[in-house]
> 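Would you mind keeping the following structure in view while I ask a few things?
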Amino acid sequence: MSKIEALRGTIMEAGRNNSTPVRWDFVSTFSNKHEAAVGESLGPEALAGHLIGENGEGVKVDHFDLQLDPLKKIVPNVSMHKPDIIGISIKIGALEQTDEIIRAINNLPWEDGGRPLLVLGGVVSTFATVDLLRRYPQAVLVTGEGEIATQMLVEAVRGDRVFEEIPGIAFINGEGKIITTHHRLWPLEKLHLPARITTKRIHDEMKGMVWAEDSRGCDFACTFCSRRALRGSGFSGDMSPKRVVDDLERLAKMGIHRVNFTGDDFGGNPERTYRIADEIIQRGIRMEWSVATRADHIFERKNTPEQNARLQEIMKHCVKAGLTGVFMGLESGSQSQLKRYGKQITVDENYKAIEALRKLNIDVVVGYIPIDYLMTVTELRETLEFLEKTKMGLKVTNPLSVLRVQSGSPYLKLMKREGLLGEQTEDLVFYEARFKDPRIELIAQLANKWVEDLYPIIYGLKWAGAAITLTKEAQNSPARNIESTLHTFRKLELSFLKSLVEELEKSGSIDQDAIDGIKKVFVGKRRILLGKAKSQLFAGSYGDIQTSRHLVAIKNFLVNRTY
C-alpha cells in the first residue's frame, strides 16, 4: 500500500463515509515579486465551482487567499474546518509561502487519523513535478488542468477510487517511487461556473483584477510559451457563449462591472466571439471587459478583404458589448526574431492589427520580448524602431523585457541544442542561459538591473491606475498624473535602450567606458524622475495614500530606498 493510500485509510478510519460531505479547503499563494499587483486566483475558484457542481451537498469547499488574509488568520479557520483535503495553489515565486503554509498545517493538533490529504496544483506542480515531490514528499500533485483529478481525489477520499487510476496526478508510493498518471481534460461544454468565494473581496477590498473564462488553450506554438505543454492540447472554444455570459451576469449582480478574460487566444473562433458579444448585448449586461488575443485575429494577411472586414465587424460588435481593452502579444518588430519566436505573424500584420484596433478606440497594450538569447544587435534596433513607428512604446508592458527560458517551452530545447542552457532557477520553472552575442548579454544585464531597481514603483503605478479605473475615476487628475508619470519612465527606458544599441552598433564591440557613461547619464535622469514622483505622491497628485495599498507600496519604495 502506498503512503497516499495509507493516508486515505486514516481518513476513512476517522469517520469518513459516503454520507458525510468531503471537506476541501483551497489556499492560494501569490507572487511576492509583484508587490502592489492584486488579482483574483481564478484556478481554485474554477475547481471549487467544479466540485460543487459535480457533488452538490456531497462536498464543502472554502477558499483562502494570502492576498486577502495573513496565514495566522487563515490557519485557525482551516483547523476549525477539519478538512479532508487541503489544496494549495502554488504561484511562480511562491515556494517560501508554500513552505510556511505546510509547516503551519503540519503543526496543527490534528486528531489521530484526522490529518488532511495535501494536494498541490498550478504551473509549478506541472513543470517541476519531481523537484516539488522531493520538497513535499507527502503531497499529491495535480498536473495540468485539474477538474478531473480533483473530482477523483474526492472519490478516493470517499473510498470509491484508488489513487493510481486518477488521471493527471503525481505522488510518491510506498517504495519511494514517483508515480505519474496521464492527464485528461474535462470537456469545456460541461464546465461549471466558478464558485466566486473570494471574488467580491478581491474587488471591493483590494481593488484587484477579476477574471472570467471564455476559452482555454491556444492552437499556436510560440517557442517561448509552455501553454500547449501545460494543457496538453490546443485552443478549445467549446465553452458555450451562454455559459460565458452567465458568469458575467452573476458578476454584474455582485456589483462588479469590469473583468479580464483569461483566454490565451480570445478570438480563436471569431464567429463564436461574435455570439458572446451578442449574448451580452441581448441581456443588457453593463460590463467593461478586456481580452488577450493575437494580431492575426484582428487582421490576417492570408484573408480576403471581405474576411478581414468581417473580423473588424466582430471587434466592433465586441466594443458595443463592452470591450474596452486588448492585450496583444506582438513580442517583436523584427521579422527574423518573430520567426525565431514561432509567431507565424509578419511585422506588417502587427502594424495593421494595431491600426484596426485604434480605429475602434480600443485601448491596446502589447506584450513585447525585445531581448532574447539568440538575437543580434540589428534585431534589437529593428524591434525598437517598430515601437517608434507605431507609437506603441508607451503601451508596452515592459520595454526592457528579457526572455525567460521556461520549462515545457520549445525555446528551452533550442537553447539545449545551441549549448547555451544553464541551471534551473530557484522557482523551479525557469532556467538560466548564456547569450550568443556578448553585446546582447551586456544589454540584458543592464535591462534586468534597471527593471529590478524600479519594479515596485512601476508596478505600483500600473495597479494604482487600474484601481482608479475600477472606481470609475479614470478621467480625474490622479489617474492622469499616474499615467503621465508611468509614460515618463517608459520614455526614459526606451531612450536608455536605444542609446545602448546605437553605441554597440557604432563600435561593433563593447567599449566599457562608453557604456558606463551612458549608464551614468540615464541613472542620473532616473534619479530626477524618482524625486519628482516622490514629490507628486506626497502632494496628493496620485490620490490619497491612506486609501490605496498600491500608493502605499510606492511610498515604501520611495521612502526606504536610496535611488
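Values below: all heavy atoms of this structure, side chains included; hydrogens, waters and symmetry mates excluded.
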> On a heavy-atom basis, which atom in Glu279 and which in Pro241 lie closest, and how many Å separate them?
CG-O, 4.3 Å
> In terms of the angle between their ring planes, are Tyr274 and His317 parallel, tilted or perpendicular, with boundaries placed at 30° and 60°?
parallel
> Verify side chain to side chain donor-acceptor pair (under 3.5 Å) between Tyr542 and Ser548, making sure each step is shown before the conclusion.
CA-CA 10 Å; Tyr542 300 150; Ser548 171; over 6 Å; no
> Taking only residues two or more places apart in sequence or in another chain, which ones pass salt bridge (Lys or Arg N to Asp or Glu O under 4.0 Å) with Arg216?
Glu145, Glu147, Glu213
> Heavy-atom count around Glu165 CD within 6.0 Å, excluding the residue itself: above 12?
yes
> Quick one: sort the Phe386 and Tyr351 rings into parallel, tilted or perpendicular, breaks at 30° and 60°.
tilted
> For side chain to side chain contact (heavy atoms under 4.5 Å, CB included), just list the numbers for Ile52 and His192, CA-CA rounded to whole Å, side-chain angles, deciding distance to a tenth of an Å, and then say yes or no.
CA-CA 9 Å; Ile52 294 167; His192 299 281; over 6 Å; no
> Is Arg490 atom CZ crowded by more than 12 heavy atoms from other residues, nucleotides or ligands, each under 6.0 Å away?
yes
> Quick one: does Asp265's side chain get under 4.5 Å of Phe220's, heavy atoms only?
yes
> Only one of Asn350, Val291, Leu357, Val365 passes side chain to side chain contact (heavy atoms under 4.5 Å, CB included) with Met328; say which it is.
Leu357
> Strictly distance-based, threshold 3.5 Å: is any side-chain N or O of Arg294 a donor or acceptor partner for the main-chain N or O of Lys343?
yes
> Please assess Ser215 against Phe235 for the test side chain to side chain contact (heavy atoms under 4.5 Å, CB included), listing each intermediate value before the final yes or no.
CA-CA 7 Å; Ser215 60; Phe235 172 82; 3.5 Å; yes
